[in-house]
Number of protein chains: 2
Amino acid sequence: MKVKEVADLVGISVRTLHHYDEIGLLIPDDTTGSGYRVYSDENLETLQQILFFRELGFPLKKIKEIIHNPSFDRQEALEIQHKMLLEKKNRLNKMIRTLEKTIQYSKGEIKMSNKEKFEGFDFSQNPYEQEAREKWGDKAVDEANEKVKSMSDFEQQKFNEIYRKLATLRHLPADSKEAQEGIKEWYLFLNKIGNYSPEAFKGLGQMYVNDERFTKNIDRFGEGLSKFMCEAMSIYADNQK
Amino acid sequence: MKVKEVADLVGISVRTLHHYDEIGLLIPDDTTGSGYRVYSDENLETLQQILFFRELGFPLKKIKEIIHNPSFDRQEALEIQHKMLLEKKNRLNKMIRTLEKTIQYSKGEIKMSNKEKFEGFDFSQNPYEQEAREKWGDKAVDEANEKVKSMSDFEQQKFNEIYRKLATLRHLPADSKEAQEGIKEWYLFLNKIGNYSPEAFKGLGQMYVNDERFTKNIDRFGEGLSKFMCEAMSIYADNQK
DNA sequence: CTTGACTCTCACGGTACGTTATAGTTTATA
DNA sequence: TATAAACTATAACGTACCGTGAGAGTCAAG
């Protein structure tokens, strides 16, 4: 499905989908030769997850952390979201009652205390927020995410950018000029925020295919990207010696 | 009631109340000698109105237009809001059903079409939005608001600023030096966006007390401001001849 | 008369997109 | 088969609604 189809189906804007792609929240599984985004059924299910979280007031950054965490449990998430939505419904009902009372009040039929006038508004009083915080709170992240989180926003941005760029190259041979140029950028970037010898760089590339937490995270940007990067990084490292 | 009391009562932040004051959406009826905001019961009811609109997704700018419109009918607003909240409840229920189906679906118990996966999300499908648009749409504004709307954002901003400044002076004698300086600023500002002779300026001041739509709109910034301005403008105009 | 809770006004920062602008691509129609 | 209409892309700036200090003044309690 192309971008507008998706947008119309779920009732959001094309821009929103672009935005979610930009920030790495929802990257379409495929693109046409001319660069059009093509969303798979799996993409749609991820989008549904995102929208449930969004409805519950989670910031996009948090949603990204949660659903891309290797230990993310979809079933469990759905259960908690269910509880939270029911709670939201309760608050909405309270608010409706408040509004109904206010109508009577404004006709002079009943009296209302100041407190009563605002029942149902207290947005932060969801008892399941606690459960959500325990599950998805700031501490519940794995090592990989720790690293990402410790990066500055600029670095995060750059990080995404490079991955997306590399994803467009992933079908080229790993030793092609363009691929190697992309990998070089990646190497230079990594050495701005850390310290990687060519060997370490090569080793990192190995992890991309050996550790499935990495594989999954990287292949979000394009299927087979991790393998491509592993190969290209190995070649690049060898040429640096 | 002072600002934190209100914030705690309704479950919003102090900053939010400051913001609403800044943009002229909810200006406290009174201030203490030291400049502390003091909210009246009427302020609280306006705030309640604001929050109902906000819950329904109205932008603050729109809310401001609506509730400060001289022809604003509180009763009617409450009725429409009631319908819209019930509709929102319906959507929420749909969404909960969708979530429940998704739980079964993710367990492989049932099948789900792509369309079904997003039922309840289509935020813009509120049948009462139409009614709201007719009531409070962009065309349904009176003369006074037409003028305000035709101003640039910068001018709007400046407009508010001057009114708020004048409001702090309103208990001084209209012929005092400070009052006259404030009014001068007002005169100069008006002549940047239009063309006002001293006579026209004086006439405008008269309207502030004679036309209750003006009176109401101006006194939002402080009780008695319209009368004060009328007097001060008259004096200023006479001194210009 | 000091401490702590509260208040004020700047003023910069941040999220989640909206909104052009410009240009390439695909599909429908003449 | 040309050409318009509809859709797509990136880029870059704009906007709404506050959050978050900083720095300074105010007020009730001990």
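Values reported hereafter were calculated over all heavy atoms of this structure, with side chains retained and with hydrogens, waters and symmetry mates removed.
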Worksheet item: What's the CZ-P distance between Arg54(A) and dC17(C), to the nearest Å?
Response: 5 Å
Worksheet, complete the sentence: Its contact letters, B for base, S for sugar-phosphate only and - for none at protein heavy atoms under 4.0 Å, make nucleotides 19-30 of chain D read BB----BBS---
Worksheet item: Are OP1 or OP2 of dC7(D) and a side-chain N or O of Arg37(A) less than 4.0 angstrom apart?
Response: no
Item to complete: Return the value, rounded to whole Å, for the distance between atom CG of Leu17(A) and atom C1' of dC17(C).
Response: 12 Å
Quick one: which protein N/O atoms are closer than 3.5 Å to N/O atoms of nucleotides 4-6 of chain D? Pair and distance per line, please.
none

Worksheet entry | Listed partners of Tyr39(B) passing ring pair (Phe, Tyr, Trp, His ring centres under 6.0 Å), at least two apart | none
Worksheet entry | Interatomic distance where CD belongs to Glu22(A) and C1' belongs to dA11(D) [whole Å] | 9 Å
Worksheet item: In chain order, what residues pass the salt bridge (Lys or Arg N to Asp or Glu O under 4.0 Å) check against Glu119(A), with sequence neighbours excluded?
Response: none
Discussion item. Restricting to ring pair (Phe, Tyr, Trp, His ring centres under 6.0 Å), what partner residues turn up for Phe228(B), sequence neighbours left out?
Written reply: none
Fill in: Partners meeting ring pair (Phe, Tyr, Trp, His ring centres under 6.0 Å) with Phe58(B) (sequence neighbours left out)
Phe53(B)
Item to complete: Rounded to the nearest angstrom, tell me the gap between atom CG in Leu51(A) and atom P in dA16(C).
Response: 13 Å
Item to complete: Could you tell me which residues satisfy salt bridge (Lys or Arg N to Asp or Glu O under 4.0 Å) with Arg15(B), sequence neighbours excluded, listed by chain and number?
Response: Glu22(B)
Item to complete: Take the protein atom NZ of Lys64(A) and the nucleotide atom C1' of dT15(C), then report the distance between them rounded to whole Å.
Response: 14 Å
Discussion item. Using the side chain to side chain donor-acceptor pair (under 3.5 Å) criterion, which residues pair with Glu42(B)? Sequence neighbours excluded.
Written reply: none
Response to the item:
In whole angstroms, the gap separating P of dA16(C) from CZ of Phe58(A) amounts to 13 Å
Worksheet item: Does a side chain donor of either Thr102(A) or Gln48(B) reach within less than 3.5 Å of an acceptor in the other side chain?
Response: yes
Practice prompt. Let me know the distance between CD1 of Ile50(B) and C1' of dC18(D), rounded to the nearest Å.
Written response: 15 Å
Discussion item. Going by side chain to side chain donor-acceptor pair (under 3.5 Å), name the residues that satisfy it together with Lys89(A), two or more places apart in sequence or in a different chain.
Written reply: Asn93(B)
Worksheet item: Listed by chain and number, what are the side chain to side chain donor-acceptor pair (under 3.5 Å) partners of Lys94(B), not counting sequence neighbours?
Response: none
Discussion item. Is it the case that the side chains of Asn43(A) and Thr46(A) hold a donor-acceptor pair, with the cut-off being a distance below 3.5 Å and no angle test?
Written reply: no
Discussion item. Going by the rule salt bridge (Lys or Arg N to Asp or Glu O under 4.0 Å), which residues pair with Asp21(B) if we only count those two or more places apart in sequence or in a different chain?
Written reply: Arg37(B), Arg164(B)
Worksheet item: What parts of residues 38-48 of chain B reach DNA chain D, counting only heavy atoms under 4.0 Å away?
Response: none
Worksheet item: What is the distance from CG of Asp21(A) to C1' of dC17(C), rounded to the nearest Å?
Response: 14 Å
Discussion item. Can you tell me if His18(B) touches the phosphate of dC8(C), counting only side-chain N or O atoms and a distance under 4.0 Å to OP1 or OP2?
Written reply: yes
